[in-house]
Amino acid sequence: MEKRSNARRGPSSPQRKSGGNGRRIVLGFFIILLVMLLGIGCGFLTASMNTKPDLAHDILPPASSHIYDINGNEIANIHADENREPVKIAQVPKNLQNAFVAVEDNRFYEHMGIDPRGILRAVWANLRGRTVTEGGSTITQQLAKNAYLTQDRTFKRKIQEVFLALQLERQYTKQEILELYLNQIYFGQGAYGVQAAAQTYFGKNVEDLTLNECAMLAGIPKSPNYYSPLNNLQAAQERKATVLDQMAKYGYITPSEAAKTKKEQLALVKPKPKEHTKEASYFVDYVTQLMIDKYGADAVYKEGLKIYTTIDMDMQKAAEAAMKNLPNGSVDGNGIQQPQGALVAIDPHNGYIKAMVGGRGTDQFNRATMAERQPGSAFKPFVFAAALENKFTPSTVIDDSPVKIGDWQPQNYDRTFRGKVTLRKVAEQSLNVPTVKIAEKLGIDKPIYYAQEMGITSFVLDGPQNDRNLATALGGLTKGVTPLELTSAYGTFANKGVHVDPVAVVKVLDRNGKVLEQAEPKQRSVISEASAAELTDMLEGVINHGTGTRAKIGRPAAGKTGTTSDYHDAWFVGYTPDLVAGVWVGNDSNTALNGMSGGLTPAMIWKAFMSSALKSTPAKNFDGSAAGNKGDSIGELENDKKSELKKDTKNNKQSAGNDKTKQQAPPQQEGQQPTVPAPSQQPTAPAASVPEPGGGVSKSRN
């Protein structure tokens, strides 16, 4: 019994041993689990590495794109959330390099990408605090994290960071890694990288930084918002002192240098508003959108494009100043002052956009490029151009007498008729009825064709409501036109009948200086040089003694006014031999302008702009010969008997068969488009005279 009892008790010592064995088993299990996790991590990282065979291309940090004016001066710096300008390590002062190494990773030049000492120190600190309170990341690990990984503090991310750091060390030298790191880190105030930080805080390039400034910058990344000297100068000074102490500790500077530098004050500069960008904000937005459409948003905001544009900042300033002549009306529901306006100036010979204003500068809607508004009588020159290309001359006589087309009875602005007038007179006085008669004779598709060839893209040619009706001759369009397109179209007249598409960007380079695109202006001959010269001569009369006398600038100039029904839109588009400019004024809500016509405020804004923009340009006459071969030219346009109103000789009244059916149109001012009939009643040219678009048109192409 005793033996059995002893036998049962005997294993008491082995039981203690089994407890030790259990601990060993648990430890072994933990080690196996750790190895498995490391293996899984290695497998995961190996798989991910296979997708990144060359980190040299993937590691490039995002860079701001730059926009330059026609003279090569920077006018805008484009970035999304990051303001960054990469620099080479040779540009970074040695003091700044040493400051970062001393405060962030003092064994940077000794380890292979990870620092075991640092990791153990971090593990011990984290175990004691039971949370991640201290990191052991090297500069290489920080670069790997910033370039490829999230900022999440997870075990998975840490494993990824280690393996990426090892690969970086295999592919790059220490100096290359430091360069990438210094261009990657965030310094607060929207500044990424040492160059952007130097500009943000000190208004200088990184190579010009002093030891004092280097120490300050090196201390910021630990907590960018807290240690930013613009947010917390005292904390920034204390952090700077810590950096200097670390530099002295590791022998980069002497203790006396550290002590001296701690006492030095910083000459900080607060971020300045970019006045030049504000002046050209609509143009900058326009160019930015062009680049996004072509290259994508990432390329524009992150790949450091160099975008050289056509804008002339002297002319841009003149445009901004001229647009200050807009009257102050009411403020709309969005808090936007009305009326708004737009101004575009273009070199007609190469299509270069020299100035652009898309509003008062208080919103992002660019009316110069996005607002499709009714052109009113500013459309008439396309009718005149079609006429001149089809045997009309400025001396051709048109009968300004009542006419009825379907249920539509167009009226002149003063509701009077002048009898027989020349085409020149029609242009100068912006007469509606003769213009409609010309379009009826030609067929409305011809003016539309020429307008399209000159860059107007907004015509509606199909569907129940479209522009293939005679109201189009007076600018009554379905959608309207933008100031940019209408101004560009007028450039055809100034350029001897040759249209050049508008150009905003001259050249685009990538961050390495490689040319991505070079502007090649697209041009085409639309009307003959003779027709262009004749039309210009007619439009000179508009300014000299017609509806646009307020646009006189004391030098040869041609132009056309335009005002729409009920004064919703007011235009003046004009040109000299070397510059064409268009001005539009209107309410965003498309409500009335209280009697403003194109010959008033728009003409005066145009005059103010052109006088300033051309003050250093010698005046010259228009070039081009108007002596075209028109031996069979039309001397007088005969009335179409089908549409002519007959006169009641007995009562001396105009009638259309029955006074009860007579349509009364509201009074119209200069350049006003008519009240357009309902779609079912819209007048069209006789079927026999309506060609297909471009059909039967004298194209006068080279």
At what distance, to the nearest 0.5 angstrom, does [atom1] of [X] lie from [atom2] of [Y]?
| X | Y | atom1 | atom2 | answer |
| --- | --- | --- | --- | --- |
| Lys514 | Leu509 | NZ | CG | 11.5 Å |
| Asp69 | Met313 | CG | CE | 6.5 Å |
| Gln237 | Met216 | CD | CE | 4.5 Å |
| Asp314 | Lys354 | CG | NZ | 10.0 Å |
| Lys507 | Lys306 | NZ | NZ | 12.0 Å |
| Ile605 | Met323 | CD1 | CE | 5.0 Å |

Donor-acceptor contact present, side-chain [X] to main-chain [Y], <3.5 Å:
| X | Y | result |
| --- | --- | --- |
| Glu213 | Ala198 | no |
| Ser65 | Val300 | yes |
| Thr288 | Val284 | yes |
| Gln338 | Asp588 | yes |
| Arg360 | Pro339 | yes |
| Glu257 | Thr254 | yes |
| Asn71 | Asn73 | no |
| Asp312 | Ala355 | no |
| Thr310 | Val503 | yes |
| Tyr227 | Pro221 | no |

Shortest non-hydrogen contact from [X] toward [Y]:
| X | Y | answer |
| --- | --- | --- |
| Gln195 | Val206 | OE1-N, 2.9 Å |
| Ala504 | Phe283 | O-CZ, 3.8 Å |
| Met247 | Asn98 | CE-CB, 4.2 Å |
| Arg511 | Pro86 | NH1-CG, 3.7 Å |
| Asp510 | Leu305 | CA-CD2, 4.2 Å |
| Thr487 | Val344 | CG2-O, 3.6 Å |

Is a donor from one side chain sitting under 3.5 angstrom from an acceptor on the other, for [X] and [Y]?
| X | Y | answer |
| --- | --- | --- |
| Ser228 | Tyr201 | yes |
| Gln523 | Asp501 | no |
| Asn366 | Tyr286 | no |

(Q) Taking CD in Glu110 as the centre, count heavy atoms belonging to other residues, nucleotides or ligands within less than 6.0 Å. Is the count above 12? (A)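 For Glu110, atom CD is crowded (more than 12 foreign heavy atoms under 6.0 Å).
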
**Q.** Qualifying residue, where the test is side-chain contact (heavy atoms from CB on, under 4.5 Å) with Lys262 and the options are Leu244, Val243, Thr242
**A.**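 With Lys262 as partner, Leu244, Val243, Thr242 yield a single side-chain contact (heavy atoms from CB on, under 4.5 Å), made by Leu244.
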
Q: For the residue pair His111 and Phe108, categorise the inter-ring angle as parallel (less than 30°), tilted (30 to 60°) or perpendicular (more than 60°).
A: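 His111 vs Phe108 ring planes: perpendicular.
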
Q: Using the six-membered ring wherever Trp is involved, compare the ring planes of Tyr192 and Tyr186 and label them parallel, tilted or perpendicular (cut-offs 30° and 60°).
A: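 Tilted, since the angle between the ring planes falls between 30° and 60°.
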
Q: For side chain to side chain donor-acceptor pair (under 3.5 Å), just list the numbers for Asn587 and Gln340, CA-CA rounded to whole Å, side-chain angles, deciding distance to a tenth of an Å, and then say yes or no.
A: CA-CA 6 Å; Asn587 292 320; Gln340 286 286 337; over 6 Å; no

Q) Distance under 6.0 Å and angle within 45° of the ring axis: does Lys174 meet both against Tyr109? A) no

